[in-house]
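The structure under discussion appears below in the form of structure tokens.
Only heavy atoms go into these numbers, but all of them, side chains included; no hydrogens, no water, no symmetry mates. Here, residue 1 is the first one in the sequence, and each next residue gets the next number.
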Amino acid sequence: MARRTKEEAEETRVDILDAAERVFYAKGVSRTSLADIATAAGVSRGAIYWHFQNKVDVFQALFDRLRLPLEDLATASEREDEPDPLGRMRELMIRVLCDLENDPQRRRVSEILLYKCEYTDDLGDLRQRMQEFSLECDVRIERTLRNAVNKGQLPSTLDCQRAATCLHACLDGIQARWLLAAGPQPLADQAALLVDSLLDMLRYSPSLRTA
């Protein structure tokens with residue numbers, strides 16, 4: 001009986017997140033209340049508070065649901081015993097771009113994150129959380145690039161910190177531009193070429209070399 005209750009609680013949590021995704025996408029995060037989410041999910045506000053402290057926690061859970069399926073690839077590229085860190089990172093970036101087009105949920109949450117989220121007072125520390133996540137991504141990308149340098153996959157003179165900043169910004173920019181333009185061209189079809197152009201930047205750009 002306890003197991004069934006746990007399963008039902010998890011189903012309710014998923015229903016709440018699915019409803020929040022729909023309402024955030026339709027109204028924007030700042031204009032959505034927990035009551036709106038509860039109505040869309042067909043649950044009470046108490047049920048939401050059972051799983052989440054506030055709207056920021058709901059948003060964080062949506063963001064984590066977007067991020068966690070890619071964590072294995074990201075971690076693999078950072079491991080010192082990974083023989084092909086650059087290949088794992090390439091695979092990860094291609095997957096991110098392909099999923100943006102092919103996975104409706106990833107596309108909606110990405111649009112919410114980029115274009116339907118205003119960092120207003122009622123969202124508390126959400127902006128800080130997103131800033132910390134972005135900085136963490138820079139550190140992890142830099143770690144992967146150093147790993148690739150150590151494996152001889154990138155030039156030994158690569159400025160890994162600067163390169164990580166450029167790579168992260170370029171990948172975010174590709175996604176933001178495609179979403180804003182409502183996908184004028186198929187993204188998945190050109191994902192590999194776009195990613196390879198970014199890796200070429202790391203290999204050949206004089207501006208990404210140490211002094």
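- Side-chain contact between Q128 and Y119 is absent, with no heavy atoms from C-beta onward closer than 4.5 Å.
- In this structure, V58 and L17 have side chains that are in contact, with non-hydrogen atoms separated by less than 4.5 Å.
- Considering NE2 of H51 and CG of D15, their distance stands at 9.5 Å, rounded to 0.5 Å.
- Note on L158 and L198: same hydrophobic cluster, where clusters join Ile, Leu, Val, Met, Phe, Trp and Tyr whose side-chain heavy atoms are under 4.5 Å apart, directly or indirectly.
- At a threshold of 4.5 Å between non-hydrogen side-chain atoms, the residues F63 and V109 do not count as touching.
- A continuous path of Ile, Leu, Val, Met, Phe, Trp and Tyr side chains, each step under 4.5 Å between heavy atoms, connects F133 with I112, placing both in one hydrophobic cluster.
- Looking only at side-chain heavy atoms (C-beta outward), R107 and N102 stay at 4.5 Å or farther from each other.
- Taking SG of C117 as the start and CZ of F59 as the end, the distance is 4.0 Å to the nearest 0.5 Å.
- Using a 4.5 Å heavy-atom cutoff, the side chains of L62 and L113 are not in contact.
- The side-chain heavy atoms of L34 and Y49, taken from C-beta on, include a pair separated by under 4.5 Å.
- Counting heavy atoms from C-beta on, the side chains of V29 and E118 never come closer than 4.5 Å.
- Note that the OG atom of S134 and the CG atom of D172 stand 6.5 Å from one another [nearest 0.5 Å].
- Both I174 and Y115 belong to a common hydrophobic cluster when Ile, Leu, Val, Met, Phe, Trp and Tyr are linked at side-chain heavy-atom distances under 4.5 angstrom.
- Residues L92 and I94 are members of separate hydrophobic clusters, defined by side-chain heavy-atom contacts under 4.5 angstrom among Ile, Leu, Val, Met, Phe, Trp and Tyr.
- Using a 4.0 Å cut-off between charged nitrogen and carboxylate oxygen, E78 and R140 count as a salt-bridge pair.
- Between R88 and A76, the closest heavy-atom pair is CD-CB, 4.2 Å.
- With Y25 as the aromatic partner, K116 meets the cation-pi criteria of under 6.0 angstrom to the ring centre and within 45 degrees of the ring axis.
- Electrostatic pairing of R129 and D57 counts as a salt bridge here, judged by a charged N lying under 4.0 Å from a carboxylate O.
- Taking 4.0 Å as the cut-off between side-chain N and carboxylate O, R95 and E91 do not count as a salt-bridged pair.
- Of all the heavy atoms in A164 and D138, the pair that sits closest is CB-O, 3.7 Å.
- The pair E142-R146 meets the salt-bridge criterion, since a charged nitrogen lies less than 4.0 angstrom from a carboxylate oxygen.
- Taking 4.0 Å as the cut-off between side-chain N and carboxylate O, R13 and D18 do not count as a salt-bridged pair.
- Side-chain contact check for E101 versus P186: some heavy-atom pair is nearer than 4.5 Å.
- Linking Ile, Leu, Val, Met, Phe, Trp and Tyr residues whenever their side-chain heavy atoms come within less than 4.5 Å leaves L73 and L199 in two separate clusters.
- Here the CD-CD1 distance, from Q161 to I141, works out to 12.0 Å after rounding to the nearest 0.5 Å.
- Taken to the nearest 0.5 Å, the CH2 atom of W50 stands 12.0 Å off from the CD1 atom of I16.
- Remark: K27 engages D36 in a salt bridge, criterion side-chain N to carboxylate O under 4.0 Å.
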